[in-house]
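The next block holds one structure in the form of C-alpha cells; read it before the comments.
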Amino acid sequence: MKLALLHNMNLENNIEYKQTIDSLIAIKPNTEMYYIEAVNSFPEIKDKIEYIDKAIAIYPNDYSLYRKKGDFMADYYNSLINKEESDIAPNAITTCYLTSIKLDGSIFNKAWVNLCDWYSHLYKKENEKKKEEILSLLKKYKEQNEYHPNYLKVCHRYSNMINEKIDKLLINGYSFAKQTDDPTWVESTVLILLDYFEEKDQKNELTKFMEEFEKEYNPSYDYLLKKATIFAKKFDNIAESIKILEDIENGNYFRNNMLIKLYAIIQEKEKAQIIVDKYNKIDHEILRDIQ
C-alpha cells in the first residue's frame, strides 16, 4: 500500500521509496515483482543494475530478466552523446540479449527483435557490419515462424536489408494469422501491414485492409488509435478521426493528447478544455495553440 502511494505521488526517486522497496525485499527476498518495481521506478542506471542483478541472482534462468537488463542498458547507452562516458560496455548489452535468447530462443522472446535494434544503434556508422549482424540474427529467427508478428515487425523495420518483397511477406503473414483463430495475432499483423502501407502512401490498401479487418474482428484500443491517426494524416479527414477518438471510452494519455491536438486544428477550445479538466494529465501547451 505504501509503495503504491509513493508511486502515485511520483516519489520513486525519494529515499523513502527506496527504503520501502528494501524493506519489502528483506521480508520476502524471493518476490521477483519487488525487484522489477525497483528497476522500473528508479531513474539512475546504477540503481537499475543493482536491483536487476539481485533478481538475476535469485532467478538465473529467467530469460525476461536478461532481456529487461539489455533493454534499459541499451536505452542508457543510446542516450549518451559521448559514448566514452558510458559506464556500460557495449558487449555487456549484447551479452544480455544473447543470454536471454539462449535461455528462451522461441519466437515469443522479443530479445530477438530488441537485439536487432541494438545492433542497428551499435553499428549505425558501419552499415555492412550492421547488415551482417541483423541478417544473421533474422535467419535464425525466421526458422521458427516467418509469419509470427514479432518476426514480421522486425522484417518491416529492416526491410531495406532483406532481399524479399516485404509487402508480399506481410500479406501472407496476415492470411496465415487469420487461420490461427487468434484475434490478437491477427490484429498485431494487420497493424504492421497498416504501418507499411501508410509509409508507402498506399491509401487504397489502407482502406481495403481496415475494412476487411473490421468486418471480422473487434478492434482494440491500439487499432483505433492507429485508425484515427491514418484518417487524420493520410486521408485528411479530421472529423472522422475525432469521431473515432471520441468513441473510445476512458482514453489514456495518447488518445487524450491526440484528441486535443485535433480540436486545436478545428478551433474547438471548449471541447479541448473539457478533456484537460477531466484527465488533467495532458500537454497543456497544446491549448495555447487554440486562439
Side-chain angles (χ1 to χ4, degrees), residues 32-33 36 40 61-68 70-71 97 100-117 134-135 137-159 162 164-200 202-231 234 241 244-245 247-255 258:
E32 188 175 23
M33 64 173 286
I36 300 302
N40 290 339
N61 295 319
D62 187 337
Y63 74 95
S64 68
L65 292 175
Y66 293 94
R67 184 185 66 211
K68 190 171 190 67
D71 287 346
Y97 287 130
S100 179
I101 291 170
K102 183 178 180 180
L103 290 170
D104 179 6
S106 74
I107 194 78
F108 303 102
N109 186 358
K110 290 187 178 180
W112 291 96
V113 179
N114 298 357
L115 181 53
C116 284
D117 292 341
I134 290 177
L135 287 182
L137 199 62
L138 288 181
K139 182 179 179 180
K140 299 173 185 175
Y141 199 28
K142 180 179 181 180
E143 292 172 356
Q144 300 178 56
N145 188 337
E146 66 176 325
Y147 295 142
H148 190 277
N150 287 351
Y151 178 75
L152 294 176
K153 183 178 295 184
V154 76
C155 281
H156 169 235
R157 191 172 299 168
Y158 299 106
S159 57
I162 300 172
E164 60 180 300
K165 291 185 177 181
I166 297 301
D167 56 345
K168 183 178 180 181
L169 175 64
L170 296 179
I171 291 171
N172 288 343
Y174 181 57
S175 297
F176 178 87
K178 290 194 291 184
Q179 297 173 27
T180 66
D181 198 28
D182 182 345
T184 301
W185 189 322
V186 177
E187 183 172 287
S188 296
T189 305
V190 80
L191 285 172
I192 300 169
L193 254 180
L194 295 181
D195 281 339
Y196 174 80
F197 290 126
E198 184 181 9
E199 291 170 5
K200 299 298 182 182
Q202 296 184 23
K203 297 178 182 178
N204 289 338
E205 295 299 312
L206 285 170
T207 300
K208 171 187 171 182
F209 282 99
M210 284 192 294
E211 290 179 350
E212 180 181 317
F213 174 77
E214 290 170 32
K215 282 181 182 178
E216 299 182 45
Y217 302 93
N218 294 319
S220 74
Y221 178 86
D222 289 338
Y223 175 89
L224 293 173
L225 278 184
K226 182 64 180 177
K227 182 180 179 181
T229 301
I230 289 172
F231 269 89
K234 288 298 174 183
S241 183
I244 293 167
L245 296 172
D247 287 343
I248 299 176
E249 297 181 2
N250 301 319
N252 68 9
Y253 176 90
F254 299 102
R255 174 263 191 185
M258 184 177 177

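Being a predicted model, the structure only gives us computed values, none of them experimental.
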Output yes when a side-chain donor or acceptor of Lys234 lies under 3.5 Å from a complementary backbone atom of Glu198, and no otherwise. yes
Next on the checklist: Measuring only between side-chain heavy atoms, which start at C-beta, is Asp181 closer than 4.5 Å to Val186?
Outcome noted: no
Tightest non-hydrogen contact, residues Trp112 and Gly105, listed as NE1-O, 3.3 Å
Tyr196 and Glu205, any side-chain heavy atoms less than 4.5 Å apart: no
Sub-4.5 Å side-chain heavy-atom contact between Ile134 and Leu115: no
**Asked** Between Ser241 and Ala228, is there a donor-acceptor pair closer than 3.5 Å when you use the side chain of the first and the backbone of the second?
**Response** yes
Exercise. Could you check Phe197 against Lys208 for side-chain contact (heavy atoms from CB on, under 4.5 Å), going step by step and ending with a plain yes or no?
Key: CA-CA 11 Å; Phe197 290 126; Lys208 171 187 171 182; over 6 Å; no
Heavy-atom nearest pair, Glu214 first then Pro219, reads CG-CG, 4.0 Å
Does Tyr97 reach the main-chain N or O of Gly70 with its side chain, forming a donor-acceptor pair under 3.5 Å?
yes
For Tyr151 and Gln144: C-alpha separation, side-chain torsions, deciding distance, then whether side-chain contact (heavy atoms from CB on, under 4.5 Å) applies. CA-CA 9 Å; Tyr151 178 75; Gln144 300 178 56; over 6 Å; no
Closest heavy-atom pair, Tyr63 versus Ser100, reported as atoms and distance to 0.1 Å, is O-OG, 2.9 Å
A quick test of your reading: do over 12 heavy atoms of other residues, nucleotides or ligands sit less than 6.0 Å from CZ of Phe254? no
Between Leu206 and Leu194, the two heavy atoms sitting closest are CD2-O, 3.5 Å
Tyr158 and Cys116 have their tightest heavy-atom pair at OH-O, 3.5 Å
So OG1 of Thr207 and CD of Gln202: to nearest 0.5 Å the spacing works out to 11.5 Å
Handout entry: Main-chain N/O of Leu225 paired to Asp222 side chain as donor or acceptor, under 3.5 Å
Key = no
Given side chains that start at C-beta, do those of Glu216 and Lys178 come closer than 4.5 Å, heavy atoms only?
-> yes
In this structure, CE of Met210 is separated from NZ of Lys215 (nearest 0.5 Å) by 13.0 Å
Practice task
Start with the C-alpha gap between Ile166 and Leu152, add the side-chain angles, then the distance that decides, and say whether side-chain contact (heavy atoms from CB on, under 4.5 Å) holds.
Solution key: CA-CA 9 Å; Ile166 297 301; Leu152 294 176; over 6 Å; no
Review point. More than 12 foreign heavy atoms under 6.0 Å from NZ of Lys226: is that the case here?
Key: yes
Item to check | Ion pair check, Asp117 and Arg157, cut-off under 4.0 Å | outcome: yes
Is there a donor-acceptor pair under 3.5 Å between the side chain of Tyr223 and the backbone N or O of Asn218? no
Margin query: Before you tell me yes or no, could you show the steps for Leu193 and Phe213 under side-chain contact (heavy atoms from CB on, under 4.5 Å), namely the whole-Å CA-CA distance, both residues' side-chain angles and the distance that decides it to 0.1 Å?
Written below: CA-CA 11 Å; Leu193 254 180; Phe213 174 77; over 6 Å; no
Indicate yes or no: at least one non-hydrogen side-chain atom of Lys68 is less than 4.5 angstrom from one of Asn40.
yes
dist Asp104:CG -> Lys110:NZ (nearest 0.5 Å) comes out at 13.5 Å
Checklist line | Polar side chain donor-acceptor pair, Asp62 to Ser64, under 3.5 angstrom | finding: yes
One should read off an interatomic distance between Phe209 CZ and Asn204 CG, to the nearest 0.5 angstrom, of 11.5 Å
Checklist entry - Is the Phe176 ring parallel, tilted or perpendicular to the Tyr147 ring (thresholds 30°, 60°)? => result tilted
d(Leu137 CG, Ile101 CD1) to nearest 0.5 Å is 5.5 Å
Nearest heavy-atom contact between Ala177 and Trp185 is CB-CD1, 3.4 Å
CG of Leu170 to OG of Ser175, rounded to nearest 0.5 Å, is 11.0 Å
**Asked** Any side-chain donor paired with an acceptor under 3.5 Å for Arg67 and Asn114?
**Response** no
